[in-house]
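Data first, discussion second: the structure below is written as structure tokens.
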Amino acid sequence: MDAYRQPLLTKAQLAARWAVSERTVERWIAAGLPTRNVFTNVRVAPVDAEAWILDGAPSQPPRVRHETGRRSRENPAQERL
């Protein structure tokens with residue numbers, strides 16, 4: 001219970017603590033990092049963050065493929081449809 005008496009962290013504080021960008025923290029939140037809502041702000045309990053990150057937080061977001069009808073940068077020779 002003492003672990004939950006520590007002050008909650010902001011996204012910026014969590015990013016600084018783990019030496020990652022705030023965008024990475026936002027990806028972790030989208031992937032399921034436990035958070036608390038304090039009015040309109042998102043906060044993270046340090047003990048929850050540590051457990052979640054050490055348990056195998058995803059390092060990269062899943063790749064999303066968008067069909068735009070344009071040539072792929074990966075294969076510039078691809079014909080337009």
Side-chain angles (χ1 to χ4, degrees):
M1 293 305 281
D2 289 332
Y4 285 99
R5 292 184 182 168
Q6 296 178 2
L8 298 175
L9 303 174
T10 65
K11 290 187 277 187
Q13 291 169 329
L14 184 62
R17 182 176 281 197
W18 286 91
V20 297
S21 70
E22 283 187 55
R23 181 67 184 123
T24 297
V25 173
E26 290 171 358
R27 286 185 194 114
W28 289 346
I29 292 169
L33 175 69
T35 61
R36 310 283 190 278
N37 290 330
V38 179
F39 300 103
T40 59
N41 301 307
V42 174
R43 298 289 189 260
V44 180
V47 67
D48 289 342
E50 184 174 340
W52 191 84
I53 292 166
L54 295 178
D55 193 37
S59 59
Q60 296 293 324
R63 295 191 68 166
V64 177
R65 186 174 178 189
H66 297 283
E67 298 295 328
T68 61
R70 296 183 180 179
R71 287 187 232 174
S72 169
R73 288 185 181 189
E74 295 172 8
N75 186 3
Q78 180 185 15
E79 293 182 31
R80 285 190 174 198
L81 300 175

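FYI, side chains are in, hydrogens and waters are out, and symmetry mates aren't considered; it's all heavy atoms of this structure.
When every heavy atom of Gly32 is checked against every heavy atom of Trp52, the shortest pair comes out as O-NE1, 3.5 Å.
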Check: residues 6-19 side-chain donor-acceptor pairs under 3.5 Å, at least two apart:
unit_1: Thr10; atom_1: OG1; unit_2: Ala12; atom_2: N; d: 3.4
unit_1: Thr10; atom_1: OG1; unit_2: Gln13; atom_2: N; d: 3.1
unit_1: Thr10; atom_1: OG1; unit_2: Gln13; atom_2: OE1; d: 3.4
unit_1: Gln13; atom_1: OE1; unit_2: Thr10; atom_2: N; d: 2.8

Can you give each donor-acceptor pair under 3.5 Å made by side-chain atoms of residues 35-45, sequence neighbours left out, with the distance rounded to 0.1 Å?
unit_1: Arg36; atom_1: NH1; unit_2: Asp48; atom_2: OD2; d: 3.1
unit_1: Arg36; atom_1: NH2; unit_2: Asp48; atom_2: OD2; d: 2.9

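The salt bridge (Lys or Arg N to Asp or Glu O under 4.0 Å) test applied to Arg23 returns Glu26, not counting sequence neighbours.
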